Structures are given as C-alpha cells and as structure tokens.
Number of protein chains: 2
Amino acid sequence: MSLRIAALGLLTQYPGSGYDLLKRFEQSMANVWPATQSQLYGELNKLANAGLIEVSDIGPRGRKEYRVTEAGRAELVRWISNPQDDPPVRRPDVLRVFLLGDVAPQVARDYVTTFAEHATADLKRYEQLRDSVNWQDKDSDFYSRAALEFGIQNAAMELRWAHWLVSAIDERARR
Amino acid sequence: MSLRIAALGLLTQYPGSGYDLLKRFEQSMANVWPATQSQLYGELNKLANAGLIEVSDIGPRGRKEYRVTEAGRAELVRWISNPQDDPPVRRPDVLRVFLLGDVAPQVARDYVTTFAEHATADLKRYEQLRDSVNWQDKDSDFYSRAALEFGIQNAAMELRWAHWLVSAIDERARR
DNA sequence: TGGTGCATGTAACCTGTTACATGATTCG
DNA sequence: CGAATCATGTAACAGGTTACATGCACCA
C-alpha cells in the first residue's frame with residue numbers, strides 16, 4: 001500500500017515520468033522508502049488504472065509523464081489520516097537482541113557492538129546529509145528535514161541504548 | 001528469512017509443537033516479530049526439510065514436537081553474526097511525515113499529534129509490561145528485557161521528537 | 001455427547017526482490 | 001556510428017496476510 005503512496009506523494013510535489021521518479025526515489029526518498037525500478041513501473045500502471053494519476057504528456061522514447069488527479073490527492077489525505085491500518089514494523093536487529101540468550105556470550109556481545117557501530121555510521125551519515133543540503137523555506141523541505149531529524153534522533157537513541165547494553169552485559173559477566 | 005530465525009530461536013529456548021510455538025509468538029514475541037498461524041506451520045515444515053529442526057516426538061492429534069538440530073544452532077549463530085544482509089526497515093509513519101508538505105496544514109499537524117499519542121500509548125504499554133513481568137536471572141530474560149528497553153527508549157524518543165515537531169509547526173505557522 | 005481447545009494444513013492474494021529483456025535517442 | 005543514457009516492461013521467486021478447511025481428544 002505504501003509504495004503506492006510514496007509515488008503519489010512525489011508526483012504531487014512535481015509531475016514526472018517513471019524514470020524521473022526512479023531517480024527521485026534514489027536520491028531523496030532512499031532513506032525513507034526504497035523502491036526498485038521494477039516495482040515502481042508496475043505501481044505507476046496500477047495507480048493510473050485506479051485513476052489516482054494520469055498521463056499528462058507523452059514524450060520521446062515512449063516517455064509517459066504522469067500527474068496526480070483530484071482522486072489521487074484525496075487518496076493521499078485519506079492515507080495520511082489513517083495511520084491505524086499500517087502493517088506492524090518488523091526490525092530484524094531487535095529480533096537478534098531478543099534471541100541473544102541462545103548463543104555464546106561472546107557472539108552476543110559482538111553483535112551489540114556491531115549494532116552500535118551501525119548506529120554511529122547512520123548518525124554520521126544523517127548529520128552530513130543535514131549539513132550538506134541547502135534547505136529552502138518550503139513545506140516539502142520543512143517536512144523532509146523533520147523526517148531526517150527523526151532519523152538522527154533514532155540513530156542517537158540506538159547508540160545510547162547499545163552502549164548501555166554493552167555495559168550491562170559486561171557488568172553481568174563480572175558476577 | 002527472519003521468521004525462520006524467530007521460530008528457530010524460540011525452539012532453541014524450549015522444544016515444542018507448532019501450536020505451542022504459536023502461543024509463544026502471541027505472548028512473548030508479538031512485539032518483536034508477529035507471525036500468523038498459517039505462516040508458522042509452513043515455516044516449520046521448511047525448517048524441518050532443511051534439517052535445521054527435527055521432529056523429536058509425535059503426540060496425540062498428530063502433534064509434532066520439534067527440536068533444534070546442530071545445524072539449526074549453527075544457522076542461528078550465522079544469522080546473528082551477519083546483520084549486514086537485513087532488508088531495509090520501512091516505516092510508514094516516517095513516510096507520512098516526509099509527505100506532509102503535500103497536504104493541508106491542519107491535516108499535517110493533526111497527524112503529528114496522532115503520532116505523539118501513539119508513542120505515548122506504546123510507552124505506557126511497554127512500561128507496564130516491564131513492571132508486570134517477573135524477570136528471572138537467566139540469559140533469555142536478560143535479553144528480552146534488553147529488547148523491551150529498546151522499545152521503551154524508542155517510544156520515548158518518538159514522543160520527544162513529535163513534541164518538538166508540533167512546536168516547530170506552530171512556530172512556522174506564526175510567521 | 002457435545003463443546004472447547006488442540007493441532008495442522010491449503011489457497012488466493014499482495015508486496016517486494018532479482019534478473020532478464022527490449023528498444024529509442026542523444027551526443028561525441 | 002557507437003556508447004551511454006533514457007525509458008519501459010515481464011517473469012520467477014520469497015515472504016506475509018486472510019480466509020477456508022479439517023479432524024482428534026478431552027472433559028463436563
């Protein structure tokens with residue numbers, strides 16, 4: 001359901017072709033909702049069949065430029081206002097933690113330090129992104145920035161938690 | 001890949017039938033990795049075919065009790081030590097934030113407050129769980145507790161971030 | 001003996017991934 | 001004219017959801 005919306009949302013910001021959209025997915029949306037080329041083209045056809053977007057122009061090489069319809073805008077609002085039917089978020093990294101009691105202590109501790117390294121790398125990457133983008137005073141930038149801030153806060157929280165857990169593991173081993 | 005591991009991990013803690021496992025998924029694992037009955041039974045057969053678990057006993061009503069094999073334990077360690085091939089985490093709630101510039105300001109603000117309410121509810125639920133469980137001094141409890149702590153820290157972070165964002169939205173509207 | 005719980009399975013559908021496939025245009 | 005890039009599509013597979021389907025065993 002959500003890729004559908006991600007595409008709809010980007011097309012709301014600017015119209016474009018599947019190819020254009022694919023590049024916008026790679027740059028600006030990669031951290032939020034990655035999508036493959038294959039999936040995107042399929043979804044655009046479904047969106048068009050459902051009347052949520054329409055072909056506004058046909059260019060060279062069979063290029064189809066899409067734009068959002070009124071029904072599409074309504075669907076976007078409907079989806080944003082109904083967060084309750086999101087699928088559950090599954091985090092393999094937290095599943096690992098849950099199962100660390102099943103493996104040798106050294107494997108468990110090593111995993112937590114790896115987790116901390118990942119969080120550190122993510123934090124740095126997000127901070128660099130924040131500092132390198134030339135943010136404009138428009139709504140789309142404001143909310144991209146807010147989503148990025150979420151990523152930063154999330155990575156920082158993960159890092160703190162992982163450090164706490166490493167200490168707790170060492171503490172426990174010392175008994 | 002991960003449900004496979006979740007089942008393997010639970011069976012490592014105690015052997016049991018699909019039905020047993022299903023109940024353990026509902027109680028202890030629901031917050032970490034939800035699974036449906038249908039999926040679980042299919043996965044147990046696949047695990048058995050792959051030699052990662054084996055039927056240790058057959059009881060009444062065709063009950064098959066499974067236990068983990070040596071190959072299964074090795075696979076668990078392998079998976080825990082290879083976090084780099086996890087699929088990307090997709091969060092519909094963050095996607096929403098990213099797209100809030102496409103909708104009316106009131107819809108956007110309302111969503112962020114709803115997000116904050118969700119985080120508050122999650123936080124309360126996790127804290128109650130933490131305080132109601134009789135934690136034992138064993139590894140599986142230690143790491144369940146650590147995973148739960150992750151949930152708590154995560155919910156707290158989400159709440160702080162959402163409050164910050166509401167303030168930022170109001171600030172911005174005032175200009 | 002009849003209901004509840006134990007116990008397992010299948011089918012249809014949706015989302016996502018990887019790989020394969022094809023062709024038109026532009027530019028150097 | 002040839003290479004890079006623009007541009008779209010299909011097929012096969014893996015994981016997850018909902019719904020459907022079946023039957024045995026225990027106990028009141």
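Only a predicted model underlies this, so the values are computations on that prediction, with no experimental measurement involved.
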| task | In sequence, state the C-alpha distance, the side-chain angles, and the governing distance for B:K124 and B:E127, and then conclude on salt bridge (charged side-chain N to carboxylate O under 4.0 Å, His left out). | result | CA-CA 5 Å; B:K124 193 172 279 182; B:E127 284 175 342; over 6 Å; no
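- B:R172 forms a cation-pi arrangement with A:F142, by the criterion of a distance under 6.0 Å to the ring centre and an angle within 45° of the ring axis.
- Side-chain nitrogen and oxygen atoms of A:K64 include at least one within less than 4.0 Å of the OP1 or OP2 phosphate oxygen of D:dG9.
- For the pair A:E75 and A:R78, the salt-bridge criterion is met [side-chain N within less than 4.0 Å of a carboxylate O].
- Atom OH in B:Y19 sits roughly 8 Å away from atom P in C:dG5 (whole-Å rounding).
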Could you pull out the protein-nucleic contacts involving nucleotides 17-22 of chain C (nitrogen or oxygen on both sides, under 3.5 Å)?
unit_1 : atom_1 : unit_2 : atom_2 : d
C:dT17 : OP1    : B:R90  : NH2    : 2.9
C:dT17 : OP2    : A:Q39  : OE1    : 3.2
C:dT18 : O4     : A:S38  : OG     : 2.9

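- For the pair B:I58 CD1 and C:dC6 C1', the interatomic distance rounds to 16 Å; values are reported in whole Å.
- C:dG16 atom P lies 17 Å from atom CG of B:D86, rounded to whole Å.
- Across the protein-nucleic acid pair, A:R24 atom CZ and D:dA7 atom C1' stand 16 Å apart, rounded to whole Å.
- By the 4.0 Å N-to-carboxylate-O rule, B:D170 lies close enough to B:R109 to be salt-bridged with it.
- Salt-bridge check for A:E65 with A:R67: failed, with every basic side-chain N at 4.0 Å or more from each acidic carboxylate O.
- Without hydrogens or angle criteria, B:T69 side chain to B:L52 main chain gives a donor-acceptor distance under 3.5 Å.
- Between the axis at the start and the axis at the end of the helix from C:dT1-D:dA28 to C:dG28-D:dC1 there is an angle of 0°, using five pairs per end and rounding to 10 degrees.
- Regarding A:E43, its CD atom lies at a distance of 16 Å from the C1' atom of D:dT8, rounded to whole Å.
- For B:R61, the listed nucleotide lying nearest its side chain is C:dG5; candidates were D:dT8, C:dA24, C:dG5.
- Here the C1' atom of nucleotide D:dA7 and the CG atom of A:L22 are 10 Å apart, to the nearest Å.
- Contacts of A:K138 classified as side-chain hydrogen bond (donor to acceptor under 3.5 Å, both in side chains), with partners at least two apart in sequence or in another chain: A:Y14.
- Taking a cutoff of 4.0 Å between a charged side-chain nitrogen and a carboxylate oxygen, B:R125 and B:D122 qualify as a salt bridge.
- Between B:W164 and B:W161, the angle of the ring planes lies from 30° to 60°, which puts this pair in the tilted group.
- In terms of position on DNA chain C, the residue among A:L3 and B:E65 whose nearest nucleotide sits closer to the 5' end is B:E65.
- Considering only the side chain of A:W33, C:dG16 comes nearest among C:dG16, C:dC6, C:dT25.
- One atom, CG of A:L21, and another, P of D:dA7, lie 12 Å apart when rounded to the nearest Å.
- Using a 4.0 Å cut-off, some side-chain N or O of A:R63 falls inside it from OP1 or OP2 of D:dA7.
- The CZ atom of A:R91 sits 16 Å away from the P atom of D:dG16 (whole-angstrom rounding).
- Across D:dT8, C:dG9, D:dC6, the shortest atom-to-atom separation from the side chain of B:Y41 is found for C:dG9.
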